[in-house]
Amino acid sequence: MTSPSSTSRSGRFRQPASGDVIEFTESVSFDYRLWRQDIIGSMAHAKMLRRIGVLNEEELKGVLEGLEQIGREIEQGEFQWDRNLEDVHMNIEAALTDREPAGAKLHTARSRNDQVALDLRMWLRDQIVELLGDVEGLQRALLGLGQRSRSVVIPGYTHLQRAQPVPLAHHLLAYVEMLERDKARYIDCFDRINVCPLGSGALAGSTLQVDREPVARELNFLDSEGQPKVSQNSMDAVSDRDFIVEFLAASALAAVHLSRLSEDFVLWSSAEFGFVTTADAYTTGSSLMPQKKNPDLAELTRGKSGRVIGNLMAALTMLKGLPMTYNRDLQEDKQPLFDTADTMRTCLQITAAMIDHTEAKAEFCNRAAGDAALLATDLVDYLVERGVAFRHAHGIVGSVVALAERLERPMEALSLDELRSVDQRFDAEALKVFSLDRSLRERRGSGASGWEEVERRLDYWHNLLEDESKNGSPA
Ligand code: ARG
C-alpha cells in the first residue's frame with residue numbers, strides 16, 4: 001500500500017528502512033489523533049496553493065474532495081493507517097495521492113515541521129475549550145455541594161489540627177477560587193497557542209510566494225480585533241513548543257489542585273472525620289474486606305497528578321538541549337501532551353460526578369466544629385475589644401485553655417468566676433463568645449468565613465457560573 005514516491009525516502013535512499021527502524025521512528029500509532037486538524041490545515045493550504053497558481057481549479061477540487069473522503073473514512077474507522085508511512089501527515093498525503101494525482105502537489109511550500117506545529121496548535125485550542133468546560137463543571141459541582149450544605153460547619157484546619165470553625169461551603173469555595181485561576185491560566189496560554197506557523201516551511205520559509213495571512217484567517221488564528229496572527233520567525237515557528245510547555249504547566253498546577261481536593265475528600269470520608277458520604281455508585285469495594293467502601297476515585301485522581309507533573313518535566317527535559325531548529329526529539333512532545341489532556345479531562349469529570357453524588361453529614365460536621373476550644377481566638381478578640389493588647393490577650397486566653405484542661409472541662413463550661421480567676425477583665429459577655437453562630441456572624445471582612453460573606457460568594461459564583469455556561473469558549 002505504500003507508494004514509494006509518497007514517502008520521505010524517495011530518490012535519495014538505495015535501501016528501504018529496516019523493520020526495526022520503522023517501528024522505532026513511527027508516530028502514527030499515537031499522532032493519528034491529529035487527523036482532523038491535519039485535514040483542515042491541508043485544505044486551507046491547498047486553497048492558498050490555488051491562489052498562487054500551483055493548483056488549478058480542477059486539482060483543487062480533487063484535493064478537497066479527496067481530503068474530505070479520507071476524513072469520512074477515518075471517522076468511520078475504515079481508514080488503514082500504515083506505520084511504513086511514519087506519521088499522520090504522510091499517511092493522509094499518501095492516501096490522497098493514491099486517489100488524486102494532484103495530491104503530489106499538496107506539500108508544495110510546506111514541511112511536516114510547520115505542518116505538525118500547526119496541527120498541534122489547532123488540536124490544543126480545541127482541547128482547552130473542552131477543558132474549560134470541564135473545569136467549570138467541577139466548579140459547579142463544588143458550588144452545588146456548598147449550596148446543599150448551607151448550614152453545615154466543619155473545623156477549619158492548620159497543620160491538620162482543628163483551628164477555627166468554618167462553613168463547609170467556605171472550604172469548598174476555596175477550591176472554586178483555585179480552579180478559576182486555572183481557567184485564567186488556560187485562557188492566557190490559549191492566546192500564545194493561537195498563532196499560525198504554516199508557511200514557515202522546514203525552517204526558512206519558501207521561495208514560492210505564499211500568502212500566509214488568509215490561511216491563518218481561514219484556520220481561525222485571529223486576534224481580538226479579528227486580524228490574522230501568523231508567526232514572525234520561521235525558525236522559531238518550527239521549533240517552538242513553548243505553547244505545549246505552558247499548557248502542561250497550567251495543567252500540572254490544576255492537577256495539584258485536584259490532588260489536594262481529593263485528599264480532603266479521602267480524609268472527610270474516613271470514619272475518623274466522617275464529614276461526607278458518597279453514593280455507592282461512586283465508591284469502590286475491597287476484594288477481601290466486605291465492610292469496606294473506598295474513595296478510589298479521589299485516590300486515583302490524587303495519584304494521576306503525579307503523571308501530569310511528570311509530563312511537564314518530560315517536555316522540559318526533552319527541549320532543553322535542542323539546537324535550533326526542528327529535531328526529531330520533538331516528536332516526543334505528543335504522548336505527554338495527549339496524556340495530560342486526557343488525564344485532566346477524565347479527572348475533572350469524575351471528580352465533579354463524585355461530588356455531585358456526595359453529601360455532607362451535617363451532624364458529624366457540626367459536632368466536630370462545636371468544640372468551643374476552636375473559638376479561643378474569638379475570646380482573644382473579645383479582650384482586644386476591651387482594650388487589652390493582643391499579645392497579652394493571647395496569653396490570658398492561653399491560661400484559660402490550660403485551666404479548662406486542668407479541670408478536664410470544655411472551655412464553654414467554665415464559669416464566669418473561673419474566667420475571672422485568670423483575668424478580672426472578663427465579664428458576663430465573655431460567656432456568649434462561645435457561640436458558633438455568633439462567631440460566624442461576626443466574621444464580616446471580605447473573603448472571611450462568616451455566614452453573610454460566604455452567602456455573598458455563593459451568590460457570586462452562582463451568577464458567574466450560570467452566565468459562563470451560557471457564553472462558552474474563550475476565543
Ligand atoms: N512526526 C513528526 C513529529 O511529530 C513530524 C515532523 C517530522 N519532520 C521531520 N523532518 N522528520 O515531529
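Residue numbers start at 1 and run along the sequence shown. Remember, it's 1-based here, ligands and their atoms both numbered in the order they're listed.
Atom OG of S27 and atom CZ of R33 lie 13.5 Å apart (nearest 0.5 Å).
Checked by atom type, the side-chain pair R260/H257 shows no donor-acceptor distance below 3.5 Å.
Listed as neighbours of ligand 1 are S27, D31, D87, H89, R112, N113, V116, Y326, Q331, K334, each bearing a heavy atom under 4.0 Å from the ligand.
Test K229, E246, R121 against R192 for side-chain contact (heavy atoms from CB on, under 4.5 Å) and you get one pass: E246. R50 pairs with exactly one of E58, E57, E59 by the salt bridge (Lys or Arg N to Asp or Glu O under 4.0 Å) rule, that one being E57.
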Legend entry - Steps toward side chain to side chain contact (heavy atoms under 4.5 Å, CB included) verdict (K105, T108): CA-CA 6 Å; K105 295 185 177 179; T108 309; 4.2 Å; yes
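The aromatic rings of F265 and W268 lie tilted to each other, with the angle between the two planes from 30° to 60°.
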